[in-house]
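Input: a single structure, listed below in structure tokens.
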Amino acid sequence: MNEALCSILSGGNEWCFDTEGRSVKFNEDSTGELWCCCNLNYWITVELEWKSIEPPRDSRQVVSAAQTNGPQLLGQLNLEITLFKRLPQRLESSFLSKSTIINKLSLTDDAFRPKSYTVKIEKGNFIEPCYIGYTSSDKPRFALRLLFDKSPYPPHSEWGKPEGGPDGGRFLDHIEFVSRTSPDLAKQGTAMNNTSAADRSGCVIS
């Protein structure tokens with residue numbers, strides 16, 4: 001089951017908080033990327049390494065969607081993730097290489113030390129987390145959700161000047177990401193992660 005969950009985690013698609021620039025990607029070769037762009041400001045665009053450090057919980061703890069009328073828990077993984085200071089190789093000659101705020105220019109050395117996380121992978125009917133609390137009938141739907149026990153973004157203490165983008169963008173608390181677009185899910189009604197939707201519209205990008 002561990003291999004199956006890792007295969008889903010690294011299935012080729014990025015996991016998004018929003019599709020405009022806040023995402024995490026896990027590759028099959030244990031590499032990946034973490035992105036954070038808010039209001040056209042790129043704060044984080046790094047390569048990462050990841051590994052599963054122990055088996056997930058026993059499969060008997062999986063909850064059936066039919067029983068709960070909610071997401072189906074596919075399983076749980078314990079991960080070790082290490083961020084690197086460098087840009088992804090394909091971006092080394094891009095405009096991001098001239099940024100004065102990205103990656104190590106805003107983060108302390110502690111942000112690049114290995115960290116442990118517990119993640120859950122769920123199957124269901126989801127919208128981008130940035131739309132939660134807003135009318136979502138016309139928003140893209142996703143079949144998978146990734147839930148971290150703590151944000152993959154470095155915490156407040158690991159930023160040189162957190163009162164800038166990190167505090168304003170509120171991305172230090174992001175723990176929910178979605179993947180695998182599935183337009184047909186919109187026909188099934190309200191997204192499972194948006195049960196408190198208000199009569200508002202728009203994605204919170206501030």
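Quantities reported herein were computed from a predicted structural model and do not represent experimental measurements.
The side-chain heavy atoms of Asn78 and Ser116, taken from C-beta on, include no pair separated by under 4.5 Å. The closest side-chain heavy-atom distance from Ile44 to Pro154 is below 4.5 Å. At a threshold of 4.5 Å between non-hydrogen side-chain atoms, the residues Arg22 and Cys38 count as touching. Contact annotation: the side chain of Lys85 approaches that of Asp109 to within less than 4.5 Å [non-hydrogen atoms, C-beta and beyond]. At least one side-chain heavy atom of Asn125 sits under 4.5 Å from a side-chain heavy atom of Arg141. Looking at Val24 and Ile81, their side chains never come closer than 4.5 Å, going by heavy atoms from C-beta outward. Between Trp15 and Leu9 there is a side-chain heavy-atom pair separated by less than 4.5 Å. Using a 4.5 Å heavy-atom threshold, the side chains of Glu176 and Phe17 count as separate.
Here Thr108 contributes atom OG1 and Arg113 contributes atom CZ; the two are 8.0 Å apart, rounded to the nearest 0.5 Å. Separating the CZ atom in Arg145 from the CG atom in Leu73 is a distance of 10.0 Å, to the nearest 0.5 Å. How far CG of Leu144 is from CZ of Phe126: 7.5 Å, rounded to the nearest 0.5 Å. Leu77 contributes atom CG, which lies 9.5 Å from atom OG1 of Thr118 (distance to the nearest 0.5 angstrom). Here the straight-line distance linking atom CG of Leu83 with atom CH2 of Trp50 works out to 15.0 Å at 0.5 Å rounding. Distance CH2/Trp43 to CG/Asn103: 11.5 Å, rounded to 0.5 Å.
The pair Lys25-Glu14 does not count as a salt bridge, with every side-chain nitrogen at least 4.0 angstrom from each carboxylate oxygen.
With hydrogens and angles disregarded, no donor-acceptor distance shorter than 3.5 Å links the side chain of Glu80 to the backbone of Pro114. Asn13 contributes no side-chain N or O that, together with a main-chain N or O of Ser179, makes up a donor-acceptor pair within less than 3.5 Å. Remark: side-chain polar atoms of Ser97 are paired, donor with acceptor, to backbone N or O of Ser94 under 3.5 angstrom. Side chain of Ser10 to backbone of Cys6: a donor-acceptor contact under 3.5 angstrom is found. Of the possible donor and acceptor atoms, one in the side chain of Asp18 sits under 3.5 Å from a partner among the backbone N and O of Glu20.
Partner of Glu122 under the side chain to side chain contact (heavy atoms under 4.5 Å, CB included) criterion, chosen from Asn193, Leu147, Leu74: Leu147.
A search for salt bridge (Lys or Arg N to Asp or Glu O under 4.0 Å) contacts involving Lys187 returns Asp184, not counting sequence neighbours. By the side-chain contact (heavy atoms from CB on, under 4.5 Å) test, Glu92 is found to be paired with Gln89, residues two or more places apart in sequence or in another chain being considered.
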Would Leu87 and Ile102 count as a side-chain contact (heavy atoms from CB on, under 4.5 Å) here? Give the steps. CA-CA 9 Å; Leu87 289 169; Ile102 202 167; 3.9 Å; yes

Set out, in order, the CA-CA distance, both residues' side-chain angles and the distance that settles side-chain contact (heavy atoms from CB on, under 4.5 Å) for Asp149 and Ile175, then state yes or no. CA-CA 7 Å; Asp149 62 331; Ile175 61 170; over 6 Å; no

What do the steps show when you test Ser157 against Asp110 for side-chain contact (heavy atoms from CB on, under 4.5 Å), and what is the final call? CA-CA 9 Å; Ser157 62; Asp110 285 342; over 6 Å; no

Going through the checks in order, is the side-chain contact (heavy atoms from CB on, under 4.5 Å) test met by Leu172 and Ser151? CA-CA 6 Å; Leu172 304 185; Ser151 177; 5.6 Å; no

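Taking both residues in full, the closest heavy atoms of Pro129 and Val178 are given as CD-CG2, 4.0 Å, listed atom of the first, atom of the second, then distance. Nearest heavy atom pair, residue Leu5 against residue Ile121, reads O-CD1, 3.8 Å.
Ile8 and Leu146 fall within the same hydrophobic cluster, where Ile, Leu, Val, Met, Phe, Trp and Tyr residues are linked whenever their side-chain heavy atoms come under 4.5 Å apart, directly or through other members. Trp35 and Phe148 end up in different hydrophobic clusters when Ile, Leu, Val, Met, Phe, Trp and Tyr side chains are linked at under 4.5 Å.
Residue pairs meeting the ring-ring contact (aromatic ring centres under 6.0 Å, His included) criterion with at least one member in residues 77-116, sequence neighbours excluded, are Tyr42-Phe95.
Side-chain rings of Trp159 and Phe171 approach one another, their centers coming within less than 6.0 Å.
The aromatic rings of Phe177 and Tyr153 lie tilted to each other, with the angle between the two planes from 30° to 60°.
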